[in-house]
Enquirer: 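Here it is, the structure in full.
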Amino acid sequence: MAAPSLAPPRLLPSGDAAITVEFGRIIDELANHRVLALDRALAEDPIEGVTETVPTYRSLLVHYDPVRIGFEELAERLSALARLPVASAAPARRWRIPVAYGGEHGIDLEDVATALNMTPDDIVTRHVGRDYRVAMIGFTPGWSYLSGLDSSLQMPRLQSPRLLTPSGTISIGGLQAGIQCLAGPSGWRLLGRTAVRTYQLHRDPVFLLEPGDAITFYAIDGKQFAEQDRAAARGEWVAQLVTS
Amino acid sequence: MSKLVVTAVGPVTSVQDGGRYGAQRYGLTPSGAVDRLALATGNCLVGNPPFTAAIEIGPFGTSFTVREGKVRVALTGAARSAEASRRPVSFNRSCTLGDGDSLTLGAARDGTFSYLAIEGGVNGEPMFGSLAVHARAGLGSPFPRPLQAGDVLDVEAATTGAEHGIELPGQDDGPIRIVMGPQDDEFGEATELFLGSEWKISATSDRMGYRLEGPIIEHLHGHNIVSDGTVNGSIQIPGNGQPIVLMPDRGTSGGYPKIATVMTADLGRFAQIPVGRGFRFKAVTVAEAQTEARAMADLLRTLPDRVREARNTDINDALRNANIAGTAVNAFDSGTWQT
């Protein structure tokens, strides 16, 4: 049985072809854990008419075809699935991801260190020293939102987001850490850059990371970054899959 | 094999089809045509499956030239002047363009996006089962970007010179129907203002999102929520209180509260509201929206049964088809019609 303290999720219509199954309204490990558990349950035992699911920090968005299943029936079945006990939190896979910190690769590292009364090395040590989980992937292809950031690294987002930040940016925003794949706008603080491409066409797989994967970072220098970037361009993963 | 050469084009004109699904969990948005009924209508008129890739033409003038053979095409969606080598071309009707013919389209007069469907579709390499252009993700074929003057598209040669028309039910021009939520509880009394006001689509809109102009919709608890998933038609309220309706190139998740969602059957009609024209929203229940979604699915499924052979010279037929299509009432440019 599920622990009695677990509140049932809220089932909110997102139009006539999707339901938001909301487990919480704040960033919370348990809520994310329940999101991923429901996502797995639906993958293992699909409901006819459900077309795809999108896990996020605190909710699972379930897209469906209203010709094949109606809101009431689907909401009932999702409620029942969400009441099932949540299996162990062991991550499916572990990745080691190389990061070139600071300088041109992480233009905010010095400022973050100054603001937090630390040295840039302290920041790097605290950033690499954590076990992260991919809480969700969203916004643009491969943008991976991680939970598990050292709370001493918490910084508000920039007042005014940058319109263009590089591909492979490793950044932090509030209590979140991120791996950005494509170049694009961001209001987060840029600590470094990885050559790992979480999204790359014509590579197997196109998307490297899955929600629920475990991530650790390790520091590399600019020369290694340049080498790895060339390898990644050839279709190599660069990230290491750690078999446990 | 024939070729369709883009000789003049404005922004936001691109190859679009039914979209790519199944990778929203990795941040990949579906893309695809903003007006699925118009896409499907055009494809059925040239004998294609309904969601075959076609050219989605933005609000500005565009022209094409046919090379190396004949192509059979159909124009649907937003009405605009259309002529092929000085002959008028009607909307919602297939026709054959000869080698060397130029198809010249004016700016959209009633609506925003028109579709040029081509017998046999557009040749390209699908990714995730779709040719739809999504420039940010580097996706789309034959070009992973909107069309530019000089682009050459490989298309099938016309297999017949037959012309077809289609009978479509009259289109509703009432308010855009929405299902409240998932975060309507972030708004309180502002919900009444949202539902009771006239809105206009801003000229800064694009295929990611249509920005609306109207009264400021205030949040009860600020404009940041923890990101959750989005759908086509999600109505986000950002910090400035001016709604953004998310379109097929949207981000797959977003951190602004979503007051409501445009119902599926009204998405195409909403997408075609011209910039600056006032419109209103009307809240319906999920059950009502699903009844309409099923009716729209039925219409899409039965489109091929509605296609009728049309005689080349039957002007009345063409006019009737244009009128039945609702948005295509002004499909003929009065100037070209009289030449």
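Sequence lines set the chain letters: A, B, ... in the order given, protein chains first and strands last, and positions in each chain run from 1. Keep in mind that the numbers below use all heavy atoms, side chains included, and drop hydrogens, waters and symmetry copies.
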Enquirer: Would you say B:Q290's side chain and A:F71's backbone share a donor-acceptor pair under 3.5 angstrom?
Expert: yes
Enquirer: Does atom CG (A:L163) have a neighbourhood of more than 12 heavy atoms from anything else shown, all under 6.0 Å?
Expert: no
Enquirer: Using a 4.5 Å heavy-atom cutoff, which residues in residues 42-69 of chain A come close to chain B?
Expert: A:E52, A:T53, A:V54, A:P55, A:T56, A:Y57, A:R58, A:S59, A:L61, A:H63, A:Y64, A:P66, A:V67
Enquirer: Of the non-hydrogen atoms in B:T264 and A:A17, which two are nearest, and what is the gap between them?
Expert: OG1-CB, 4.1 Å
Enquirer: Are there more than 12 heavy atoms of other residues, nucleotides or ligands under 6.0 Å from atom CG of B:D173?
Expert: no
Enquirer: Begin from the C-alpha positions of A:R25 and B:H221 and carry the test side chain to side chain contact (heavy atoms under 4.5 Å, CB included) through to its verdict.
Expert: CA-CA 12 Å; A:R25 312 197 83 172; B:H221 319 288; over 6 Å; no
Enquirer: For a side chain to side chain contact (heavy atoms under 4.5 Å, CB included) with A:P13, tell me which candidate from B:V286, B:T285, B:T261 qualifies.
Expert: B:V286
Enquirer: So for B:M263, is it side chain, backbone, both, or neither that comes closer than 4.5 Å to the heavy atoms of chain A?
Expert: both
Enquirer: Considering only heavy atoms, which portion of B:A23 lies under 4.5 Å from any heavy atom of chain A: side chain, backbone, both, or neither?
Expert: both
Enquirer: Determine which residues belonging to residues 224-231 of chain B lie within contact range of chain A, meaning some heavy atom pair is under 4.5 Å apart, and list them by number or answer 'none'.
Expert: B:I225, B:V226, B:S227, B:D228, B:G229, B:T230, B:V231
Enquirer: Let me see the working for A:M136 and B:R25 under side chain to side chain contact (heavy atoms under 4.5 Å, CB included), right down to the final yes or no.
Expert: CA-CA 8 Å; A:M136 63 178 275; B:R25 60 190 290 108; over 6 Å; no
Enquirer: Does atom CD (B:E288) have a neighbourhood of more than 12 heavy atoms from anything else shown, all under 6.0 Å?
Expert: yes
Enquirer: Is it the side chain or the backbone of A:P211 that comes within 4.5 Å of chain B heavy atoms, both, or neither?
Expert: side chain
Enquirer: I'd like to know whether CZ of B:R211 has more than 12 heavy-atom contacts from other residues, nucleotides or ligands below 6.0 angstrom.
Expert: no
Enquirer: Enumerate by number any residue of residues 176-209 of chain A whose heavy atoms lie under 4.5 Å from heavy atoms of chain B; in the absence of such residues, state 'none'.
Expert: A:L182, A:Y199, A:L201, A:H202, A:V206, A:F207, A:L209
Enquirer: With a 3.5 Å cut-off and sequence neighbours excluded, list the donor-acceptor pairs that the side chains of residues 137-149 of chain A form with protein atoms.
Expert:
from: A:S144; atom 1: OG; to: A:G142; atom 2: O; distance (Å): 2.9

Enquirer: Within a reach of under 6.0 Å around CD of A:E72, are more than 12 heavy atoms found that belong to other residues, nucleotides or ligands?
Expert: no
Enquirer: What's the shortest heavy-atom distance between A:L12 and B:P182, and which atoms?
Expert: CD1-O, 3.5 Å
Enquirer: What option among B:M180, B:E292, B:Q24, B:R294 has the most heavy-atom pairs under 4.5 Å with chain A?
Expert: B:Q24
Enquirer: So, taking the atom named CG in A:D16 and the one named CD1 in B:I178, what distance separates them when rounded to the nearest 0.5 Å?
Expert: 12.0 Å
Enquirer: Is B:T29 close to chain A through its backbone or its side chain, or both, or neither, when contacts mean heavy atoms under 4.5 Å?
Expert: neither
Enquirer: Determine whether more than 12 heavy atoms belonging to other residues, nucleotides or ligands lie under 6.0 Å from atom CD of B:E218.
Expert: no
Enquirer: Give a yes or no on whether B:F51 atom CZ has more than 12 heavy-atom contacts from other residues, nucleotides or ligands under 6.0 Å away.
Expert: yes
